[in-house]
Amino acid sequence: MGEDTYGGRSPGHEPGSSAYRRLLVALFFIGMATFAQLYSPQGLLPLIATDQGVSADRAALMVSAATLGLALGVIPWSYIGDAVGRKPAMLWAISLACLFAVLSAVTPMLFDAWGFPLALIMRLIEGFMLGGVPALAVAYLNEEVSSRAAAVAAGTYVSGTTLGGLSGRIIAAPVGEQIGWKLGMLTVTAVAVACVVIFLKLAPAAQNFTPRRTRVGEAVRALTGNLRSGALWVIYLQGFLTMGGFVAMYNYLGFQLTGPEFGMPLWLSSFIFLAYLAGTFSSPRAGQLASRFSRKQVLIWGNVIMMAGVGLTLIGSIWVIILGMVVLTGGFFASHAVASGWAGSSAVAGRAQSASLYNLGYYAGSSVLGFLGGTFLHLAGWPGTVGMVLGLAALATVLVATVLPRN
């Protein structure tokens with residue numbers, strides 16, 4: 001639990017040191033492995049819908065099931081990390097996730113009528129296992145790097161998650177269009193395994209953490225203690241609302257681009273995920289700006305930029321839609337980089353548990369609101385999904401502006 005689990009803290013790894021670089025590279029690659037697998041079906045959703053004979057929102061359950069599993073997994077994994085250490089827990093989590101990723105792709109090949117429901121169950125369990133990485137990565141960083149470098153280090157980790165999300169989508173969709181969506185997902189899993197090996201080789205041993213077992217009463221106090229903070233509630237809601245809207249945009253844009261209005265082939269529409277590079281760029285810079293100015297200012301501006309990008313996708317030009325996705329992705333990940341670090345550093349009880357509560361909200365939003373975007377798409381087309389996302393981001397911005405302190 002961060003500061004609660006050790007005494008005699010060392011100063012932490014400083015920027016420029018070998019251990020600092022190894023830690024950031026290791027977490028960069030485990031972030032890639034996690035999010036490549038989590039979102040690999042997203043670019044394949046039109047194929048999955050056609051192959052399995054289901055609607056767009058039901059196909060999107062391949063994403064929502066995994067993000068729901070992740071939301072359910074982050075808090076249990078935070079306590080496992082307390083007991084066995086951050087690095088071992090993350091290694092077990094990502095390794096088991098790779099196993100269930102294989103099963104989620106194989107079950108539709110082995111079973112006919114039950115193939116898709118079984119794949120959803122495997123994705124749910126895969127997501128639960130993946131929850132070990134976001135549950136522990138930021139706490140690992142906050143404990144092992146110097147306090148003055150924590151915001152920049154967290155931004156670098158988030159940039160790895162953006163590249164993971166991008167690689168999972170950009171690899172799976174073209175491969176899936178050629179040889180089937182199941183093999184597209186398996187290809188991403190193979191890439192993830194390579195990333196896990198890099199993490200295993202590079203991640204340094206913890207200096208500022210002593211494993212401990214947490215009793216049930218302590219566990220409840222660590223969670224409820226953080227939930228007594230109104231400011232932390234707003235940070236958790238920031239993750240829930242903006243992540244839900246962000247995932248809804250990427251879940252259903254493929255249906256818009258491959259539909260009658262634009263008629264793009266799936267492999268070409270998947271290149272819209274290159275907009276994720278904007279998040280890779282904006283995440284570490286948001287951390288730097290937060291160190292220079294205030295986290296609240298950067299958080300608000302990130303949300304405003306996200307909303308501007310969402311609005312641009314209503315214009316019926318593919319080039320403007322691409323620009324809109326770049327803008328909204330950059331804004332979203334700038335906000336996320338700041339909010340995720342703020343959740344850990346502002347904890348009033350367990351630090352790892354506060355980070356896990358943020359991730360619970362973040363991925364619950366991805367699961368619930370990411371799915372709900374399909375209902376708005378069915379009822380009012382693409383403008384319906386866009387309107388929903390704008391409302392979510394606006395609510396998050398108002399809460400941040402009115403409740404959070406300048407920090």
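Of all non-hydrogen atoms in L390 and G311, the two that sit nearest each other are CD2-N, 4.3 Å. In terms of heavy atoms, G43 sits closest to A173 at O-CB, 3.8 Å. Nearest heavy-atom pair, I48 versus M62, reported as atom, atom and distance to 0.1 Å: CD1-CG, 4.2 Å. G165 approaches R169 most closely through the heavy-atom pair O-NH1, 2.9 Å. When all heavy atoms of A97 and L130 are compared, the closest pair comes out as CB-CD2, 3.4 Å. Smallest separation of non-hydrogen atoms from T242 and M306: O-CE, 3.5 Å.
Looking only at distances, a side-chain donor or acceptor of T67 sits under 3.5 Å from a matching main-chain atom of S64. Listed for the S270 side chain is a donor-acceptor partner under 3.5 Å among the backbone atoms of W267. Looking only at distances, no side-chain donor or acceptor of S282 sits under 3.5 Å from a matching main-chain atom of F333. Looking only at distances, a side-chain donor or acceptor of Q37 sits under 3.5 Å from a matching main-chain atom of A33. Put simply, the side chain of Y252 never gets that close to the backbone of G381: no donor and acceptor are under 3.5 Å apart.
With rounding to the nearest 0.5 Å, the separation of OG in S104 from CG in L186 is 7.5 Å. For the atom pair CG (L237) and CG (L392), the distance works out to 11.5 Å, reported to the nearest 0.5 Å. The structure places CZ of R86 at 8.0 Å from OG of S78, a figure rounded to the nearest 0.5 Å. Note: E126 CD to T189 OG1 = 6.5 Å, rounded to the nearest 0.5 Å. Separating the CZ atom in F240 from the OG atom in S366 is a distance of 10.5 Å, to the nearest 0.5 Å. Put simply, CG on L70 and CG on L124 are 10.5 Å apart, with the number rounded to the nearest 0.5 Å.
Side-chain contact between F262 and I321: present, with at least one pair of heavy atoms (C-beta onward) separated by less than 4.5 Å. Counting only heavy atoms from C-beta outward, the side chains of L299 and W342 approach each other to under 4.5 Å. Within the 4.5 Å cutoff, the side chain of V191 has no heavy atoms near those of the V188 side chain. Looking only at side-chain heavy atoms (C-beta outward), M325 and F273 stay at 4.5 Å or farther from each other. The side-chain heavy atoms of L23 and Y140, taken from C-beta on, include a pair separated by under 4.5 Å.
For Y250 and Y276, the distance between ring centers is under 6.0 angstrom. Checked against the 6.0 Å centroid criterion, the rings of Y363 and F128 do not qualify as a close aromatic pair. For F246 and H336, the distance between ring centers is not under 6.0 angstrom.
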side-chain contact (heavy atoms from CB on, under 4.5 Å) between L27 and F199: does it pass, once the steps are laid out? CA-CA 7 Å; L27 287 175; F199 170 79; 4.2 Å; yes

Checking side-chain contact (heavy atoms from CB on, under 4.5 Å) for the pair Y362/Q238: CA distance, chi angles, key distance, verdict? CA-CA 8 Å; Y362 186 81; Q238 159 76 22; over 6 Å; no

Determine, step by step, whether I198 and F28 satisfy the side-chain contact (heavy atoms from CB on, under 4.5 Å) criterion, reporting the C-alpha distance in whole Å, the side-chain angles of both residues, the deciding distance to 0.1 Å, and the verdict. CA-CA 10 Å; I198 294 172; F28 181 91; over 6 Å; no

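Shown here is R285, whose CZ atom has more than 12 heavy atoms of other residues, nucleotides or ligands within 6.0 Å.
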